[in-house]
Structure formats: structure tokens, C-alpha cells
Q: 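Below: one structure in C-alpha cells.
Letters A, B, ... mirror the listed sequences (proteins, then strands); counts begin at 1. Side chains included, hydrogens not; waters and symmetry mates left out as well; all remaining heavy atoms used.
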Amino acid sequence: MFKRTHTCGELRKEHIGESVSLNGWVNTVRLHGQVIFIDLRDRYGKTQIVFNSEDYDGDFDTIKKLSMEDVLSIKGKVQSRGENAVNPDMPTGEIEVIVEAMELLSETAPLPFVITNRDSALEDLRLKYRYLELRTDELQHNIITRHKTYQAVRSYLSDQDFVEIETPILMKSTPEGARDFLVPSRLHNGKFYALPQSPQIYKQILMLSGFDRYFQIVKCFRDEDFRADRQPEFTQIDIEMSFVDEEDIFTNMEGMTRHVFKEVIGEDLPDPFPRLTYAEAMSKYGSDKPDMRFELFLQDVKEFTDKSDFNAFKSAECVKAIIVSDGAKYSRKIIDELTEFVKTYKAKGLAWMKTENGQLTGGISKFFDDSLQKEIIKSSGMNDGDIIFLIGDERSIVEPALGALRVEIARREGLTDPNMYKPVWVTSFPMFKFDEKEKRFMAMHHPFTAPRVEDIDKLESDPAAVLSRGYDLTLNGHEIAGGSIRIHSPDIQKKAFSLLGLSLDEAEEKFGFLVEALTYGAPPHGGIAFGFDRLVMLLTGSNNIRDVIAFPKTTSALSLMDGSPDTVSKEQLDELGILFKKKK
RNA sequence: GGGACCGUAGUUCAGUUGGUUAGAACGCCGGCCUGUCAAGCCGGAGGUCGCGAGUUCGAGUCUCGUCGGUCCCGCCA
């Protein structure tokens, strides 16, 4: 092997005349009989190398057999390309290396797909051969962006006196929240560790230990069903601070987020970030993670539909609408598609009317008399050529369904500018939501979230009305971080557990160590966790979490490359004392 | 747990109303070619139509099941 003197992305005009060595993969071969052009690739770039039968000393027939993804080591001289041969699309396009000697370091087997084109194979095949897919420009760029993001986070937080501390991966299973991944214990047959859904309890305990600014870039595990932006194992930037309130958290985390966007992609985020309450977000955007890039809002139209002859809406708790400018162009077919779309969010249907010559037309317009039409047009700010979509139902159905429709229409109309970044804090979440199936309150965030001070006496009288000190950071419709000011009083923590239906015994058994820890001098504290993978998705413009993870799993949690999960030997099971139930 | 879409050559796809020998492009193999940069030209090999049942004289095509992938609802912070 000729040890490389330069990378494949490095050589420029000023290197002309130098003798160099390059190592890399064959990206493309262009064979012209007595002259052969090869683009040699490594992670830094591509350089054209030229084999000329007149100048090349070795066996020219070997060169003719080279094919994509062979690994080469070459020695040669940098030369200028002829004026007409310059490739302006390549950073190294003004030069080429005329090869004097070549060593074939590794010959590739026939490839399962074409590496230079990610679209050349379906995702399952690309995942099976992930090491090949990782050679593509796009994934190399994503993985390097991820690296830059780690570095930007670490340097910012370290400069702000945050201490990076590792917490256990093998921990106690706790009720509440997502399903745990379990790890059987050999030394304690019949007992299990759980993999952390997050280091929540450990980081709170670190606050009690006096590490008043903690962070960790850490793997978390949740055994639930997966989506385009969810994997069974994912990475969080986990952060906790002592002696703080919401304002301290916002200031510090905005600083970190702005630093990361500036360092990694050169983007300036606003200072400060805007804020919305949960109630405002739901009412105006129909989502607790609103995409703020486009002006399209939910409007309450119940007072108008109540005066109309359209009876289906009269018994509805809530009737809301969105108005799409120039939406009158929507055909019956498109409206049908949108109707099917909102039905997946439990809406029973999608009512609509178009504006034409100051009148409402089509859809349910015949149920609105002239003066009511004028009223609704004026009040909602409709113009000729617009369309209004209405949904009436329970508020908990209307708002999410219209909120989803809002995003879908923005997508169809191209309103979601991928180069625009609009962060927003969402605050004042309800403390609990009532679970109809289990007939009990569930924590909206998690059981350690503090209630607002003014709501503490409502904890028992009216739990549904209690607002929490939780907050989410949303960017372009993606929740990128969530956190809260925590409970630091053992009494209130016990009360929160009991409201969640945990008996004293259970609370003692599962979380007793935390409650006990709170009795030994607990500073007020709070924190946040960023979804690191989602953050990198936004920084790379990916719409798929698998594109920013080196070795991701499929939506059914399989790893197609190494074939996990897999069976294990009987001996391993015996040691763990595990016997399987027969599958029916 | 539920819904939608997809599975045909190494790969991406086409394949009519169920009908003779399942096509194209890229890749691969062989040949020609000294300035290409997705090189070009000529020729060739390559198929358990995901798997299993069923309907039918006849199934890539229709039905059911199953495996795998993607997206969504539920779930998940």
C-alpha cells in the first residue's frame, strides 16, 4: 500500500506537479481503450485519476478490469486538466492524478445495488447492506452532521459549567410511561433489569447530590410501536439544573439550540424564542407541536353554524374551521382525499364551502342564508376563491383533526419552507389526562413534574384542571425537547403518585428511594431532554430518523444487517432460568 | 391492536379482460474505443413473479393466509 499523502477531496491547482499517493474506493470507471478515467472516492471527496497505457508501467489489462467499489492505492503526479476537460461540478475538478503505480487493495464482489444512487434499491435491501449504503454522500453527510451536533452540544454545555455524567443502562423497571425493555438477571434468577426510557430519576438524584448542572448524550429505550421519527433505541441530550425556574431553563436551552444551529448549519434562530400555552396551541393550531412556518389558523365558527340550517353541527361541542386561500380550485377528488385524511383522526366528515362573488357556494352553503353568509365571510376574512373547511364534534376531535389538516394543506400548497426554522416553546400543559380505558389519571409528562404553585390546592379537588410546570420545545412541527420543573417536596410527590392510582405501597416499592432522597435536602430543580435524532433530522433536512442513525432498525424493530433480535441457546436460557410459554 | 400502500432478473420498474416463449433500463460478463466525468457503441448471460393454499381448462394477474418493508391511527415524551 502506498500510504496516502492526501485525501481524495484535497488536491487543487496549487498541487500541480507534486507526486502524491491516494487511497480510496473506485466510484466510477470510464474506459476509453488506451486511457481510463477513475473517480477515486473517500469520505473527503473524489479525485479523477487517469491511467494512460503509454505512461503506466504496470499491467494495463488489470486496470481494464477495475470496477465500482474496488479499493485502490495509487501513486502518481498531479497534473492540470486540459481547458475543456475541467469539471466545474467537482471541487477537485481542475486537476487529475496521472497514475504511475497502482495496488489493488481489495476487489469487490458484485454489488447488490448501485451505491452512487440511494434510490437504486428499496430500503430493506439497503438496510441489510447498511455498510454499503453508508458510503453514499447523503448518509456520510448526515453522520458527519450528527458528529458536529454532538460536538456543538458538548462544547456549549461544558462552557456553561454543565457536567457530563453517565448513568446506568441496567436499572429498575418502573411503572408509568412506555413499556420497558427487560434484561434478565443471571445472578438473581427471576429478576430483571430494565433499560432506561430516560435517565429521569438518576438526573434528579444528581441534583440532590449537588451537581447543579448536569448533562449527558445518552441512549434511551422504549418498547413501543415505531414510526418515521421513532426507533426502539434513540438518543437524548439529557439536562438537569438546580435552583432554577422555567426562565432559567428557557434562557439556557435557547442559547444551546441557537449555538447548535449556528455551528452546524450556520442558521440564526430568533432570540428569544416565542411561546404559546398548550391551550393556545391547541385552539389556534390544533396541535401541541405547532408548525409556525405558515399563517393558517383554526377559527371558531360555532356561532355561525348554530344560526344555520345545518343541523349536524348544532349538537357538536365545538365547530372550527380553516380557510385556504385560493382553495376554491380544489376538485371534488381532492376534497374527498382530504375528507378521508381527517377521518383517520376520528372526524366524522369534512364540511366545506367555496367563496365566489362574495357568496358561499357548494358543500354545505345552502344551509346558510344570505346574511349569515355575509357575516361568516366578513368575520373569518374570506376572499373570493377561498375555501373553508369545517369540522364539528367534541373539541378533543375537532382540534387535532383540523390541526392535521392544516399541516396536510400546507404540505400540498408548499407552505412548509424547508430552509425556515421556527422554534416555539409550548407551556402550561395540563398535569393529567384521564385514561378512559384504565379509568384513571395519567401523567401528561411524567409523574415527577411539578404542578403550578397556584394549582396545588386543586390537586385533590379538581385534578383535571391542574396545570403543570412542563414545557416542550417545538421546531417546524417536531417536538425536539420536553421537560419540566420537578417536584422537590416529598409530600407533593406522594400526592402525585396517589393521584396516578399508585398505592402507598406501590409508590414506596417503585419510587421509595426517590421520595426518601427528596427528604434529605432537595434543591428546587428542573430540566429537559432533547430528542437528539430528531434534532439531527432537522439539521440535515431528513424526514426519516433512520437516515441520521448509522445502524437503525426497521419499523418492526428488526436489525436487517445483523439479524437481531434472534433466538439464543438453551444453555443461555437455562442459566437465566427462562422457559418459554407455548405459542398458541 | 387497527388501516393503507408495496414485494416480478443482481437492482429499479413495466407486464392489457386470467391465455402461446414474462419485457426495459441500470448493473454483470465478453468485444471495440486516447479526454471522459451517469462516457459511448456492439454482443451475451441472467427469472421458484416473496412464501403457502385455493378458484380455474389455464394464475405474475383473482381469493384467502403468511413473511418482509414503508406510511398513518392507537401506543409512545
Side-chain angles (χ1 to χ4, degrees), chain A residues 27-39 46-56 60 64-65 67-69 81-90 92-93 96 98 108-129 132 176-180 197-198 200 220-232 234 236 288-289 340-347 400-401 404 408 426 429 435 437 442-446 449 470-474 478-484 528-531 534 543-544 546 553-556 558 560:
Chain A
N27 199 67
T28 46
V29 180
R30 294 179 292 279
L31 173 66
H32 291 252
Q34 299 310 303
V35 64
I36 300 168
F37 300 97
I38 287 177
D39 290 337
K46 288 173 206 151
T47 299
Q48 173 164 291
I49 61 176
V50 187
F51 293 86
N52 188 318
S53 64
E54 287 170 12
D55 304 329
Y56 182 67
F60 203 72
K64 287 185 174 176
K65 300 259 189 256
S67 57
M68 289 189 290
E69 302 306 313
R81 293 201 195 181
E83 196 140 324
N84 298 328
V86 166
N87 184 342
D89 298 329
M90 283 170 82
T92 61
E96 62 193 7
I98 182 85
T108 182
L111 297 164
F113 57 90
V114 184
I115 289 180
T116 45
N117 178 8
R118 272 193 88 201
D119 296 329
S120 75
L122 294 180
E123 188 159 12
D124 51 346
L125 193 78
R126 288 186 274 121
L127 284 175
K128 183 174 175 195
Y129 297 98
L132 296 180
E176 296 294 308
R179 224 172 264 123
D180 285 326
Q197 299 173 26
S198 83
Q200 182 62 36
C220 302
F221 306 85
R222 290 177 190 158
D223 187 4
E224 294 291 342
D225 291 344
F226 304 106
R227 291 290 171 77
D229 62 351
R230 293 200 320 233
Q231 284 268 304
F234 60 99
Q236 285 191 343
D288 61 357
K289 45 180 181 180
E340 286 310 306
F341 178 81
V342 297
K343 279 183 180 170
T344 64
Y345 293 87
K346 298 209 195 87
E408 173 63 15
V426 180
F429 285 87
D435 186 302
K437 251 186 276 167
M442 308 279 277
M444 187 100 166
H445 185 63
H446 57 53
T449 299
Y471 33 80
D472 281 354
L473 179 58
T474 286
H478 295 270
E479 183 205 322
I480 60 165
S484 61
I528 194 164
F530 282 73
R534 287 184 192 167
N543 46 23
N544 175 327
R546 295 181 297 277
K553 295 185 172 54
T554 66
T555 46
S556 66
L558 295 174
L560 298 180

Q: Check A:Asp229 with A:Arg534, please: is the shortest side-chain N to carboxylate O separation under 4.0 Å?
A: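 Looking at A:Asp229 together with A:Arg534, the answer is yes, because their closest N to O distance falls below 4.0 Å.
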
Q: Taking only residues two or more places apart in sequence, or in another chain, which ones meet A:Glu479 in a salt bridge (charged side-chain N to carboxylate O under 4.0 Å, His left out)?
A: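 With neighbours one apart ignored, the set is empty.
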
Q: Which atom pair, heavy atoms only, marks the closest approach of A:Phe60 to A:Val35?
A: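 For A:Phe60 and A:Val35, the tightest heavy-atom pair comes out as CZ-N, 4.3 Å.
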
Q: Applying salt bridge (charged side-chain N to carboxylate O under 4.0 Å, His left out), can you list everything that pairs with A:Arg222, at least two apart in sequence or on another chain?
A: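 A:Arg222 satisfies salt bridge (charged side-chain N to carboxylate O under 4.0 Å, His left out) with no residue once adjacent residues are dropped.
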
Q: Quick one: label A:Glu83 by what it contacts on the DNA or RNA (base, sugar-phosphate, nothing), any heavy atom closer than 4.0 Å.
A: nothing

Q: For nucleotides 72-77 of chain B, just jot down a letter per nucleotide in 5' to 3' order: B, S or -, based on protein non-hydrogen atoms under 4.0 Å.
A: BBBBBB

Q: When the distance from CG of A:Asn544 to C1' of B:G69 is rounded to whole Å, what number comes out?
A: 12 Å

Q: Pick base, sugar-phosphate or nothing for A:Asn52, based on heavy-atom distances below 4.0 Å to the nucleic acid.
A: base

Q: Looking at every strand, decide which applies to A:Leu31 at a 4.0 Å heavy-atom threshold: base, sugar-phosphate, or nothing.
A: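 Contact class for A:Leu31: base.
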
Q: What's the gap between B:C71 and B:G31 when it is taken at their C1' atoms, as a whole Å value?
A: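 Between the two C1' atoms, the distance is 47 Å.
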
Q: Distances under 3.5 Å only, N/O to N/O: pair up the protein atoms with those of nucleotides 23-28 of chain B.
A:
none

Q: Looking at A:Arg30, I'd like to know whether one of its side-chain N or O atoms comes within less than 4.0 Å of OP1 or OP2 on B:U36.
A: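 Answer is no, no contact under 4.0 Å.
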
Q: Choose from B:U36, B:U34, B:C71 the nucleotide whose nearest atom is closest to any side-chain atom of A:Arg81.
A: B:U36

Q: Under 4.0 Å between a Lys/Arg side-chain N and an Asp/Glu carboxylate O for A:Arg546 and A:Glu123?
A: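 A salt bridge is present here (some side-chain N lies under 4.0 Å from a carboxylate O).
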
Q: Does a side-chain N or O from A:Ser556 land closer than 4.0 Å to OP1 or OP2 of B:G68, or not?
A: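 No, no such contact exists.
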
Q: Is there a donor-acceptor pair under 3.5 Å between the side chain of A:Gln231 and the backbone N or O of A:Lys553?
A: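 Pair found, side chain donor or acceptor close to backbone of A:Lys553.
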
Q: Identify all pairs in which a protein N or O lies below 3.5 Å from an N or O of nucleotides 44-47 of chain B, and state each distance.
A:
none

Q: What nucleic acid atoms does A:Gln48 come within less than 4.0 Å of, heavy atoms only: base, sugar-phosphate, or nothing?
A: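 Since a base atom lies under 4.0 Å of A:Gln48, the category is base.
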
Q: Partners of A:Asp472 by salt bridge (charged side-chain N to carboxylate O under 4.0 Å, His left out), sequence neighbours excluded?
A: none

Q: Between A:Phe429 and A:His445, does a ring pair (Phe, Tyr, Trp, His ring centres under 6.0 Å) hold up when you go through it step by step?
A: CA-CA 8 Å; A:Phe429 285 87; A:His445 185 63; 7.8 Å; no

Q: Within the pair A:Thr28 and B:A38, is there a side-chain N or O less than 4.0 Å away from OP1 or OP2?
A: no

Q: Rounded to the nearest Å, what distance is computed from the CZ atom of residue A:Phe60 to the C1' atom of nucleotide B:C33?
A: 11 Å

Q: For A:Arg179, is there any backbone N or O sitting under 3.5 Å from a side-chain donor or acceptor partner on A:Glu224?
A: yes

Q: Compare the minimum distances between each of B:C71, B:U36, B:G68 and the side chain of A:Arg546, then state the nucleotide with the smallest one.
A: B:C71

Q: Salt bridge check, A:Arg30 against A:Asp39: does any charged N sit closer than 4.0 Å to a carboxylate O?
A: yes

Q: For A:Lys65, report the nucleic acid contact type (base, sugar-phosphate, nothing); a contact means any heavy atom under 4.0 Å.
A: sugar-phosphate

